[in-house]
Structure formats: structure tokens, C-alpha cells
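Note sheet for the following structure.
Remember, it's 1-based here, ligands and their atoms both numbered in the order they're listed. Count residues from 1 along the sequence.
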Amino acid sequence: MNNIVIVRVDEIGLKSGNKMLFMKQLKNNIESKFKDLFSCKILGNRIYLFPKKTFNNRDLDNLGKIFGISSYSVAKKIDKDFEKMEEEAYKLVIEALNNDFDSCKSFRVSVNRADKSFPMISPEIAARIGEYVLSNIPSLTVDLTQPDINIEIDIRPEGVYLFKERVRGPSGLPVGVSSTGTVLLSGGIDSPVAALLMLRRGMVINGVNFYSPPFTGPKSLDKIIKISSIISEYTPFPFHLYVVPLTKIQMLFKDLEENQFSVVLQRRSMMRIADKISNLTGTKVLITGESLGQVASQTVENILTISESTQKVIFRPLIGSTKNETIEISKKFGLYETSILPYEDSCSVFVPQNPATKAQLRKIKQIESYLPEVSVLEDEVINESKKYEIRDGKIEEIDVFKMVKGGIL
Ligand SMILES: Nc1ncnc2c1ncn2[C@@H]1O[C@H](COP(=O)(O)OP(=O)(O)OP(=O)(O)O)[C@@H](O)[C@H]1O
């Protein structure tokens, strides 16, 4: 049981003033996912995980979903004793060979001597331990640039760590260090990726989804909950999803004579509702998955007209991305297979034949001025929304919050 896990950070290490705050948040985030398995300790730019019970490498998979971690290694900690270092390095090579002594594998020993009081310099330690390993396993060759097996020896004041592998983490900043946002979360490919990208910058988020009963059925709801559940695996905070029935507002826009503006009108309504939910839940910004020029509603003119419906800043992390790039990220985060399930999204049900690509604000405001009931309906649908709390993939429907203009009932 003397294996420990070393967690490394990249960006956090560069933050001078906030570094300790960020490290503590990362430590809390790791503890919240691994409280039964490890106790954690910050030492310099690293976090060390001490096992409370035996673990195997698969138990560590969730470290790949904790933003802020650049890499981690399962390491053996020993005393600062040269003979023990030789012995453990040899054992690690044997482990890495996995009983394959026939195919000619190459290896390297890399030494980091952070404790300068250790009486030998790094190249000397590497060379001597390399010789020791070679003398015991003559089928090996040495390769200093691209070895099959890289044994790392890290000599620090508190002891020596040896490991043979660095597993890459998801990098970024720990969730909890970058304020809060509300993502307009559709069942498509883009907005779930936008949500993950904001989590990766350390933001705590909740989500608002619009659905159109009875035009969108229970399978669409299942899909958005499944997407939220995947998102929740990347945050230590519960992910709250507000599901808002938009149908009565959409019907109003659909029946307009000038229904080419219905998409922009609908989006403005979504923004106002999301703005209110953001205020009710205390988040600071809105987030969407828009990407410039991707669909008719995402021209600069339409985006400006849509943005005007809220005072809040809207983060659009995908604005400059290509569809393929977004798909790549979606796959990387394990979202893609769910995002492409063929269930109708609320908006696609009500798209006119020729949606306006340059909806002028003046025109849109004029139409809205003929529809004062929209604002009443927006409050109504917030009252009718469902709220789900999703934590580590576990879903619970909780209290529907009630709202009247300007406050919570
Ligand atoms: N039903 C919905 N519920 C919540 N937000 C939505 C919904 N539909 C669209 N949005 C928000 O508006 C943005 C633009 O949507 P649009 O349908 O124009 O583009 P999209 O590329 O299909 O987006 P996505 O892939 O995220 O569905 C979405 O990224 C999302 O943030």
C-alpha cells in the first residue's frame, strides 16, 4: 500500500497571487470525487493523494474529469537511499515489461534532483541506475529520446518518488475559481461543448433547456438529462438544470404574418427567460453554443439583435470554432454519441421556411411592442419549469421554483 498518486498542474502553477486559492479548490474538487479512497495534501505545485485503501489504475479514471490537473502518476515513495532507488527502478522496469523479455525494448532513467542536498548529481544517478537495470536485464537498450519505458526518479526533501508513467489530465482551471454562469443548453452538439469549455475555465454553471410539449416528446427530455448527467461528471458541484416549456410563446411567434423573424424572436425570448433564471439562481453570465455563420440565426446582425434582449454578458466560447473542431471536443468529453441522438429540439420544431438572416433590431422591437403578452407568458413558463439536480450522473427532480415579476414566491 505504499503507492501514492502525484497530481501535477500547469496553468495554476503560473498564477502568482491566486495560486494557493486555486490549489485549494483543486484539492477540494479531488477530495469530493475521491473522499473514500484518498486523503490529499498540497506540496508546492503538486497535490499528493494518499490511499486509504488499496486501489488500481481504473479507480483513477475520474482524475481525467477534474479540470486543473495536467497529469498524474502512480508513484512509489521511498527513503533517500541510493540502493533502494536502484532496486525500485529495476522493479518498475520489470512491471513495465509485463513479462515480455523477448522483444527488444528501450528504456531511459530520468532524474529530477529537487533536493540539492542529495550527494550525487542527476546525470550520475541516472547513469548508475541505468547501468544497474541493464546489468540485470541485458535484452534492454538505452534510448534517451523516445524510450519505450521511461523511469522517472524525483528526489525531494521528504523522500524519493519513482514512477513509470504520466497520465494526461484535462488541464484548465479547477471548477469553482471563475465565478458562475447559466448555459442555454440544447440537446445539440454545440451548447454541451460550450458548457464543458466554461467548466474547463473554472466556472460553476447551471443550465436552462427549452422544450416544446407536445411537439418534443419524453425522449428529448431524456436526452437533455443524459447530456446534463455527462456534464455533471466534470464538476464537483451539483448541476442544476431548468427545463422550460416554451410552446405557448413559440405558437405566438409562429402565427405572426412576418414569421421569418420567429427564430430571432424566439431566441430573444429564450435570452430573457435565461436572464431571469440566472438572476434567480445568482449566476453572473449567460453562455451559448453559437458559432458565427453556422446557421441562419448566427449571423453578426442576428447575434447583435438577440444579444440586445439581455443586459447580461453572453459568453460564446465556440464563436470562432469550426463544426469539426466542436465535434472533436464533443467526442473527447464523451458527449457526442448522446448529442447526435435524433430527438427533436424545441427550436427545430418551429423554424420557418425562410428565416431572416439579418433581423434589424428596430423591426424586431416593433413586432415585440405588438405582443405585450409575451412578457407575462415568459414569467408563466418559468413557473411551469422543472428543476433537476444532477450530481455525478445521479438525477433528482427537485422543487419547482415559483416566480412573479421581480421575485421568488
Ligand atoms: N432548446 C434549447 N434550449 C436551450 N438553449 C437552446 C435551445 N436551442 C438553442 N439554444 C441555445 O442557442 C444556441 C444556438 O442554437 P442554434 O439552434 O442556433 O444552433 P446550434 O448550432 O444548433 O446549437 P446547438 O448545437 O447547441 O443546439 C445554442 O447553442 C444554445 O446555447
Side-chain angles (χ1 to χ4, degrees), residues 181-198 205-213 215-217 219-221 223-225 227-228 230-231 240-247 249-250 253 261-278 285-303 305-307 309-310 312 314-331 333 335-336 338-352 355-357 359 378 381-382 385-386 388:
T182 293
V183 59
L184 284 83
L185 191 65
S186 76
I189 295 172
D190 299 1
S191 45
V193 169
L196 258 302
L197 291 181
M198 295 322 299
I205 57 168
N206 59 19
V208 178
N209 173 255
F210 298 95
Y211 76 124
S212 313
F215 303 101
T216 55
K219 291 214 161 152
S220 301
L221 184 63
K223 178 180 175 184
I224 192 68
I225 288 179
I227 284 174
S228 303
I230 297 169
I231 292 173
H240 289 145
L241 176 70
Y242 298 86
V243 182
V244 184
L246 201 64
T247 321
I249 295 172
Q250 289 173 308
F253 295 145
F261 297 116
S262 65
V263 172
V264 171
L265 288 163
Q266 187 175 297
R267 287 276 191 272
R268 281 171 61 87
S269 186
M270 284 181 171
M271 282 296 172
R272 285 189 294 266
I273 294 169
D275 177 314
K276 281 189 178 159
I277 292 179
S278 162
V285 299
L286 300 179
I287 303 155
T288 73
E290 286 159 303
S291 160
L292 190 61
Q294 190 169 275
V295 290
S297 60
Q298 295 175 14
T299 61
V300 168
E301 291 79 1
N302 282 354
I303 287 176
T305 303
I306 293 166
S307 301
S309 58
T310 171
K312 287 209 184 284
I314 304 168
F315 282 5
R316 298 178 171 91
L318 300 178
I319 198 72
S321 305
T322 65
K323 195 73 192 181
N324 281 342
E325 284 166 349
T326 306
I327 288 174
E328 275 311 301
I329 306 176
S330 173
K331 287 182 178 167
F333 287 131
L335 288 159
Y336 187 67
T338 311
S339 280
I340 57 169
L341 290 174
Y343 308 121
E344 287 280 43
D345 177 57
S346 155
C347 298
S348 51
V349 178
F350 289 96
V351 177
T357 52
E378 285 172 355
V381 297
I382 292 176
S385 64
K386 291 174 195 282
Y388 296 90

Are any non-hydrogen side-chain atoms of [X] and [Y] less than 4.5 angstrom apart?
X      : Y      : result
Ser385 : Val243 : no
Leu318 : Glu290 : no
Met270 : Val208 : no

Does any N or O of ligand 1 fall below 3.5 Å from an N or O anywhere on [X], backbone included?
X      : result
Phe210 : yes
Asp190 : yes
Val208 : no
Gly289 : yes

Exercise. Work out which heavy atom in Ala194 is nearest to a heavy atom in Thr288; give both atom names and the distance.
Key: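 Heavy atoms of Ala194 and Thr288 come nearest at CB-O, 3.5 Å.
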Exercise. Closest by any non-hydrogen atom to atom 16 (P) of ligand 1: pick that one out of Gln294, Arg267, Glu290.
Key: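 It is Arg267 that holds the nearest heavy atom.
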Numbering as shown, the atoms of ligand 1 that approach [X] to under 4.0 Å (heavy-atom distance):
X      : result
Gly188 : 25 (O), 27 (O)
Ile189 : 25 (O)
Asn209 : 3 (N), 4 (C)
Leu185 : 3 (N), 4 (C), 5 (N)

Quiz item: Is there a donor-acceptor pair under 3.5 Å between the side chain of Ser309 and the backbone N or O of Thr305?
Solution: no
Self-check item: Donor-acceptor under 3.5 Å (Ser307 side chain, Ile303 main chain)
Solution: yes
Practice problem: Scan Ser262, Ser269, Ser212 and name whichever one has a side-chain hydrogen bond (donor to acceptor under 3.5 Å, both in side chains) with Gln250. | Solution: Ser212
Practice problem: Check each heavy atom of Val183 against ligand 1 and say whether those closer than 4.0 Å belong to the side chain, the backbone, both or neither. | Solution: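 Val183 to ligand 1: no contact under 4.0 Å from either part.
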